[in-house]
K.L.:
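Got a structure for you, written out below as structure tokens; questions coming shortly.
The chains referred to below are lettered A, B, ... by the order of the sequence lines, with proteins before strands, and numbering in each begins at 1.
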There are 2 protein chains.
Amino acid sequence: MFNRTGNQIPWWHGRFRGCGFRLTFARDAILNVLSKSNKHLSAEDIYLAVHKIYPAIGLTTVYRTLEILVQMKMVFKFDFGDRRARYELAEGIKGKEHHHHLVCTNCGRIIDYTDFVDKEKELLNQTEKGLQQKFKFKITNHIIQFYGLCDRCQKNV
Amino acid sequence: MFNRTGNQIPWWHGRFRGCGFRLTFARDAILNVLSKSNKHLSAEDIYLAVHKIYPAIGLTTVYRTLEILVQMKMVFKFDFGDRRARYELAEGIKGKEHHHHLVCTNCGRIIDYTDFVDKEKELLNQTEKGLQQKFKFKITNHIIQFYGLCDRCQKNV
DNA sequence: CTCAATGCAAATCTTTTGCATGCTA
DNA sequence: TAGCATGCAAAAGATTTGCATTGAG
């Protein structure tokens with residue numbers, strides 16, 4: 001999609017329309033960063049990156065925007081155990097696939113993997129169904145995460 | 001096991017011997033609380049409870065002791081997404097079974113469940129094996145957690 | 001007797017909030 | 001133009017650290 005000056009209009013512009021939230025420079029810049037970056041950015045990572053595009057932005061706005069984006073389900077919020085939240089674009093957006101994370105407890109490196117997720121999905125669906133029945137608990141999302149040592153860190157221990 | 005005054009000696013006394021850590025009043029009191037309480041206590045919960053047994057204790061000591069206990073693998077540390085760590089005695093200790101948690105995102109209630117864990121274990125073992133091979137990643141532990149709404153909160157929404 | 005363990009106060013660090021001002025729709 | 005959005009400064013809240021003192025082994 002293109003606007004009248006010939007620039008491509010980012011996909012998220014549409015998602016802001018009619019959702020009750022306004023699309024501001026700050027939000028546009030933040031989504032730009034998120035959609036270009038690889039992943040697992042902390043609020044500060046995002047702040048620093050956005051700062052280059054839009055220097056007037058404050059860290060507060062980054063936090064507030066991320067909260068909205070999580071609410072809109074455009075962004076996932078993760079916690080890898082280092083007391084700082086990480087954000088990445090949700091699945092289905094920009095062709096992201098369902099994946100999970102391996103977190104190295106030594107160096108903090110994070111490896112995304114997409115293997116085995118089908119089998120996992122199957123199991124999780126079963127489990128969720130069973131848990132909903134047994135506990136009358138309405139499951140909205142889940143976390144699966146593996147911790148350990150990456151190849152480099154195994155050598156250095 | 002009993003000492004010479006006829007009091008039962010807590011099981012953890014043995015585990016402190018020869019591990020390089022000293023068994024102090026504070027640590028004894030903290031383990032008392034952990035082994036009597038149900039579960040998912042925050043550092044402050046523990047601090048308040050220990051304070052009744054051993055009023056001189058400081059919150060700092062609670063944190064430092066918990067860190068040791070996690071290191072000794074006597075205690076698990078959890079994060080249920082509310083930015084405060086939770087602690088509970090490790091499995092295998094005091095007959096605790098392998099279990100996972102359902103976390104209500106509305107009221108914070110936590111439900112332990114032991115159902116489906118066999119199937120989960122099977123899948124996780126497979127996954128871990130596969131991931132170790134593929135990424136040369138040595139997995140040491142994992143997190144599985146479900147979030148959603150408990151029965152009460154579903155009614156009130 | 002020695003050095004690990006402790007308590008207190010202060011520091012850290014991430015995230016949140018209050019409030020006056022700016023900007024989108 | 002109306003209100004949502006923003007930036008700044010300050011607050012909040014959990015956890016950690018420095019340091020002098022205490023106590024376990």
K.L.:
Could you list the donor-acceptor pairs under 3.5 angstrom formed by side chains in residues 72-84 of chain A, with sequence neighbours left out?
P.N.:
from: A:D79; atom 1: OD1; to: A:G81; atom 2: N; distance (Å): 2.7
from: A:D82; atom 1: OD2; to: A:R86; atom 2: NH2; distance (Å): 2.6

K.L.:
Sequence neighbours excluded and cut-off under 3.5 Å, please list the side-chain donor-acceptor pairs for residues 50-66 of chain A, or say none.
P.N.:
from: A:H51; atom 1: NE2; to: A:P55; atom 2: O; distance (Å): 3.1
from: A:T65; atom 1: OG1; to: A:T61; atom 2: O; distance (Å): 2.8

K.L.:
So, taking the atom named CG in B:L149 and the one named OG1 in B:T105, what distance separates them when rounded to the nearest 0.5 Å?
P.N.:
5.0 Å
K.L.:
Report all side-chain donor-acceptor pairs from residues 135-147 of chain B shorter than 3.5 Å, counting only partners two or more places apart or in another chain.
P.N.:
from: B:T140; atom 1: OG1; to: A:Y147; atom 2: O; distance (Å): 3.2
from: B:H142; atom 1: ND1; to: B:E128; atom 2: OE2; distance (Å): 3.4
from: B:Q145; atom 1: OE1; to: B:Y147; atom 2: OH; distance (Å): 2.9

K.L.:
For the side chain of B:D45 and the backbone of B:S42, is there at least one donor-acceptor N/O pair under 3.5 Å apart?
P.N.:
yes
K.L.:
Any idea which heavy atoms bring B:C150 and B:C104 closest together, and the distance?
P.N.:
N-SG, 3.4 Å
K.L.:
Considering all heavy atoms of both residues, which atom of A:Y87 and which atom of A:A85 are nearest to each other, and what is their separation?
P.N.:
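Closest approach of A:Y87 to A:A85, heavy atoms only: OH-CB, 3.7 Å.
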K.L.:
Which pairs count as salt bridge (charged side-chain N to carboxylate O under 4.0 Å, His left out) when at least one residue sits in residues 100-117 of chain B, sequence neighbours excluded?
P.N.:
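Qualifying pairs, neighbours excluded: A:K134-B:D115, B:K39-B:D112, B:R109-B:D151.
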K.L.:
Contact boundaries of DNA chain D with chain A (under 4.0 Å, heavy atoms), 5' to 3'?
P.N.:
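With heavy atoms of chain A under 4.0 Å away, the range is D:dG3 to D:dT15.
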K.L.:
Could you tabulate the donor-acceptor pairs under 3.5 Å formed by side-chain atoms of residues 118-126 of chain A, not counting sequence neighbours?
P.N.:
from: A:K119; atom 1: NZ; to: B:Q126; atom 2: OE1; distance (Å): 2.6
from: A:E120; atom 1: OE1; to: A:H100; atom 2: NE2; distance (Å): 2.8
from: A:E120; atom 1: OE2; to: A:Y113; atom 2: OH; distance (Å): 3.4
from: A:N125; atom 1: ND2; to: A:K121; atom 2: O; distance (Å): 3.4
from: A:Q126; atom 1: OE1; to: B:K119; atom 2: NZ; distance (Å): 2.7

K.L.:
I need the full list of side chain to side chain donor-acceptor pair (under 3.5 Å) pairs touching residues 19-29 of chain A, with sequence neighbours left out, sorted by first then second residue.
P.N.:
A:W12-A:D28, A:H13-A:D28
K.L.:
Could you give the distance from OG (B:S37) to CD1 (B:I46), rounded to the nearest 0.5 Å?
P.N.:
7.5 Å
K.L.:
Just checking B:F16: base, sugar-phosphate only, or nothing, at a heavy-atom cut-off of under 4.0 Å?
P.N.:
nothing
K.L.:
Take the protein atom CG of A:D79 and the nucleotide atom C1' of C:dT15, then report the distance between them rounded to whole Å.
P.N.:
13 Å
K.L.:
Under the side-chain hydrogen bond (donor to acceptor under 3.5 Å, both in side chains) test, which residues partner A:T127, sequence neighbours left out?
P.N.:
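side-chain hydrogen bond (donor to acceptor under 3.5 Å, both in side chains) list for A:T127, sorted by chain: empty.
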K.L.:
If you fit an axis to the five pairs at each end of the helix from C:dC1-D:dG25 to C:dA25-D:dT1, how big is the angle between those two axes, to 10 degrees?
P.N.:
40°
K.L.:
Measure from CG on B:D28 to C1' on C:dA5 and round the result to the nearest Å.
P.N.:
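Answer to the nearest Å: 15 Å.
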K.L.:
Report the distance from atom CZ of A:R86 to atom P of C:dT14, rounded to the nearest whole Å.
P.N.:
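Spelled out: CZ on A:R86 to P on C:dT14 is 10 Å.
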K.L.:
Find every protein N or O atom lying less than 3.5 Å from an N or O atom of nucleotides 23-25 of chain C, and list the pairs.
P.N.:
from: C:dT24; atom 1: O2; to: A:R22; atom 2: NH1; distance (Å): 3.0
from: C:dA25; atom 1: OP1; to: A:L23; atom 2: N; distance (Å): 3.0

K.L.:
Please list, in numerical order, the residues of residues 56-75 of chain A that have a heavy atom closer than 4.0 Å to any atom of DNA chain D.
P.N.:
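Result for residues 56-75 of chain A: A:A56, A:I57, A:G58, A:T60, A:T61, A:R64, sorted by number.
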K.L.:
Identify the two heavy atoms, one from A:S35 and one from A:L89, that lie closest to each other, and give their separation to 0.1 Å.
P.N.:
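Reported closest heavy-atom pair: CA-CD1, 3.6 Å.
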K.L.:
In whole Å, I'd like the distance from the CZ atom of B:R83 to the P atom of C:dT17.
P.N.:
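Answer to the nearest Å: 13 Å.
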